[in-house]
Amino acid sequence: MTRCLLPALLLAVAGALPSQAGRLSAPVATASRPAAAPAPTAKAAPALRIDPTFWWVGMKNPRLQLLVHSPGIAGSTATLAAYPGVTLEGVQKLESPNYLLLNLSISASAAPGQLKLEFKGKKKLSYSYELRARNTPGDPSKVQGVNTSDFIYLLMPDRFANGDPTNDVIKGMKAPGVARDSMYSRHGGDLKGIENHFDYLKQLGVTAIWPTPVVENDQPKASYHGYALTDFYQVDRRYGTNEEYVRFVQRAHQQGLKVVHDVVLNHIGSENYLFKDQPAKDWFHQWPTFTRSNFRDAAFNDPYKSSADFNQFNNGWFDTHMPDLNQSNPLVATYLIQNFLWWVEYTGLDAYRVDTYTYSEPRFLMQWGEAITSEYPKLGQFAETWVQGTAQQAFFAKNILPPVDGFKSNMPGVLDFQLQYAINEALTKDAGWTEGINKMYYTLQADWMYEDPMRNVTFLDNHDMSRFYSVIGEDFAKYKMGIAWLLTTRGIPQLYYGTEVLMKNYSNPDGKVREDFPGGWPGDKKNLFTTRTGQEAEAFDYVSKLAQYRKSHPVLHAGKLMQFIPDAGVYTYFRYSDAGTVMVVMNSGKDEKTVDTKRFAERLQGFSSGLEVTSGAVLSDLSSLKIPGRTAWVVELKK
């Protein structure tokens, strides 16, 4: 999600709270974790709320900051009953009388159990805060990360499939009902709908699922996309409960599928309790009048930038209902970091995709990355960096570039917008010295700036962009070229839902590229999950065949890459390792070309023939290739 999105981005990252665990539904004298509310009813406002909702013993960082929210709670004295290994080191009041901060220290010797907290003021409140045993250490099925062997499938839960109609409407939530004929209304898709189609994804060759945020988005308008977080510790109940999301991750793992959790660090939704009842004014960037970001990421590291430009980029709001978090406030930073640690430990998810990465406070990004990686070194991480220029993109990934104003990114990989621009240009413009297919070459040539460009995520389109099939003029030959490139170039490939069955449209307005997957709802006229004909079937089969080949041939994800300067509109590159060599030849022109392969000798030496993977055609003579126009060959070389 970026500047073109609708009303509500959100500090989307966290959002799992088991059955509203740790929240009081009424001002009772003593309470532990109440049972979950019935599925069709929105949660009641708690009399006392504590974030994080529970925690674990054995975390690397022994410090825990508890944010306590209740009317007038600042007038209370907080105490912790004696508990071996746990110390209440201090209590801090905030600007609002409705908050307290409790700073705990949890030693390595502390055991799981219930901490007894008491708040004595005008009324007495007792709270049982749970410390759990950790879930993730030593379990290879959790926090697996993502790497070049993966094929990521990006989908929007609300628009993919409706597996549980009973959660379509939750009484008490702000958005009215379900209206599938409305572009910006809820359509009813959910976690169960995704799970019902695990087999479809596996048939396609997918190894990792990236849903747009599943956290609560209780905004009155256009909250279906998930980027308008209103509760850091709650799954949106129109997708399922917290426990159902945990089971979703577990069942995905059992099926050999990883889960990428989509998060936003920069801002939240205006209906979030933290904004409606602000702990302090300095938890958000405040302006005399509403001030939108200028969306100019260049101000982040421009050596000639003005403070005004940087301030507006970094601190301006995305929209009137997207409050911008002040991450330079250490209390805010700690709140966010704890939440994202909580989310990983609670669910065992495999990776974070970080939305609008460039808009956050620079030092906070380094702090967040260090904390997350220290606790979960195997967690996959890649960030949205919708910027201009490879140098600017590389700046936001781990790179060999010098720090700027003290900032040195520790983000392992980024969404590779520069290669996305390049493949679109290669398929829509004639070859020139640097234009058309040659842009592919020059974009990859700049990989020297990354610490490891293989960690970047490549893609053809996403939920904010015009769909790939429309961009290339619904030209099926070009479509196959794009898919061939996606599944053979360096990095981690990502496919946007429906691309495999030729879904199309343009992103102005963006809702047009977020249509329902045909067959995801009972009564749909078409069901492309089960019945595909014509080019829809051919497209699915082409993606599936190449993805399955990629999965079973490590050379396409673990092999080295060697590219040759494009000639006469033909771009040739090789993936190679001791396990084998694959040659990819892309003819971007409309006419057949004869390719003299002498200049590829360093990679062709020792090979006498080849097998074109997608068609099964045998190339018995590698000395000269006649490749049709608008064609990509993926050739497994044979000795």
Side-chain angles (χ1 to χ4, degrees), residues 422-445 460 468-469 472-490 535 538-539 541-550 553 555-556 559-576 580-639:
I423 186 63
N424 277 353
E425 181 166 324
L427 298 178
T428 57
K429 292 185 179 180
D430 293 336
W433 188 255
T434 59
E435 299 82 22
I437 196 72
N438 288 284
K439 188 165 184 177
M440 302 289 297
Y441 173 83
Y442 282 107
T443 303
L444 280 170
Q445 178 271 336
L460 297 168
F468 174 66
Y469 194 50
I472 58 172
E474 300 182 27
D475 186 317
F476 192 64
K478 291 181 178 181
Y479 169 86
K480 292 198 291 185
M481 291 179 70
I483 295 295
W485 166 81
L486 178 69
L487 292 170
T488 59
T489 193
R490 66 100 174 107
Q535 285 192 334
E538 189 177 349
D541 292 344
Y542 188 84
V543 175
S544 177
K545 187 166 189 175
L546 200 46
Q548 298 291 359
Y549 180 87
R550 183 181 188 275
H553 290 75
V555 67
L556 279 184
K560 295 179 180 180
L561 170 67
M562 180 179 289
Q563 63 173 349
F564 289 80
I565 297 171
D567 180 44
V570 179
Y571 176 43
T572 303
Y573 59 93
F574 293 79
R575 301 300 303 273
Y576 62 100
T581 298
V582 171
M583 174 177 67
V584 181
V585 185
M586 296 179 63
N587 179 4
S588 64
K590 64 180 183 302
D591 299 322
E592 179 183 84
K593 295 288 175 64
T594 299
V595 179
D596 187 339
T597 63
K598 289 188 181 69
R599 71 188 185 109
F600 311 144
E602 60 193 293
R603 291 272 57 90
L604 286 176
Q605 188 173 2
F607 296 104
S608 59
S609 63
L611 175 70
E612 205 291 309
V613 170
T614 63
S615 65
V618 174
L619 280 64
S620 57
D621 181 6
L622 296 179
S623 64
S624 179
L625 304 175
K626 286 189 176 182
I627 181 167
R630 306 280 195 257
T631 297
W633 282 348
V634 180
V635 182
E636 179 183 334
L637 298 180
K638 306 286 187 179
K639 293 184 177 180

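Position 1 is the first residue of the sequence, and the numbers go up from there.
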| remark: Output for pair (T581 OG1, K638 NZ), nearest 0.5 Å, gives 11.5 Å
| query | Out of curiosity, T597 OG1 to F564 CZ, how far, rounded to the nearest 0.5 Å? | reply | 10.0 Å
| task | Verify side chain to side chain contact (heavy atoms under 4.5 Å, CB included) between L487 and L556, making sure each step is shown before the conclusion. | result | CA-CA 8 Å; L487 292 170; L556 279 184; over 6 Å; no
| field | Results of side chain to side chain donor-acceptor pair (under 3.5 Å) for S615 - residues two or more places apart only | value | E612
| task | Please name the pair of heavy atoms, one in S608 and one in L622, separated by the smallest distance, quoted to 0.1 Å. | result | C-CD1, 3.8 Å
| task | Measure the CG-CZ distance between L625 and F600 for me, rounded to the nearest 0.5 Å. | result | 8.0 Å
| field | Between CG on residue L427 and CH2 on residue W485, distance to nearest 0.5 Å | value | 9.5 Å
| query | Counting N and O atoms only, with roles assigned by atom type, does the side chain of N587 sit under 3.5 Å from a partner on the main chain of T631, one being a donor and the other an acceptor? | reply | no
| message | Please give me the minimum heavy-atom distance between K478 and T428, naming the atom from each residue. | response | NZ-CA, 4.5 Å
| said: Is the shortest side-chain heavy-atom distance between E538 and F476 below 4.5 Å? | reply: yes
| said: For a side chain to side chain contact (heavy atoms under 4.5 Å, CB included) check, start with the C-alpha distance between R599 and D567, then their side-chain angles and the critical distance, and finish with the verdict. | reply: CA-CA 11 Å; R599 71 188 185 109; D567 180 44; 3.6 Å; yes
| Stepwise side chain to side chain contact (heavy atoms under 4.5 Å, CB included) check, Y549 with V582 | CA-CA 11 Å; Y549 180 87; V582 171; 4.0 Å; yes
| When the ring planes of Y469 and Y479 are compared, do they come out parallel, tilted or perpendicular, using 30° and 60° as the limits? | perpendicular
| remark: Y573 meets the ring pair (Phe, Tyr, Trp, His ring centres under 6.0 Å) criterion, sequence neighbours left out, with Y571
| Is it true that the NZ or CZ of R603 lies under 6.0 Å from the centre of Y576's six-membered ring and within 45 degrees of the ring axis? | yes
| message | Just checking D430: does its CG atom have more than 12 heavy atoms from other residues, nucleotides or ligands closer to it than 6.0 angstrom? | response | no
| Atom of A484, atom of Y542 and distance for their closest heavy-atom approach | CB-OH, 3.6 Å
| request: Could you please spell out the steps behind the side chain to side chain contact (heavy atoms under 4.5 Å, CB included) verdict for E602 and M562? | output: CA-CA 10 Å; E602 60 193 293; M562 180 179 289; 3.7 Å; yes
| remark: Shortest non-hydrogen pair, I423 vs M586, comes out as CD1-CE, 4.2 Å
| Minimal non-hydrogen separation, R575 against L561, with atom names | CD-CD1, 3.7 Å
| request: To the nearest 0.5 Å, tell me how far Y442 OH sits from I565 CD1. | output: 6.0 Å
| task | Measure the spacing between NZ of K590 and CG of D475 and express it to the nearest 0.5 Å. | result | 12.5 Å
| query | Is E425 salt-bridged to K439, cutoff N-O under 4.0 Å? | reply | yes
| task | List the atom of T614, the atom of L546, and the distance in Å for their closest heavy-atom pair. | result | CG2-CD1, 4.0 Å
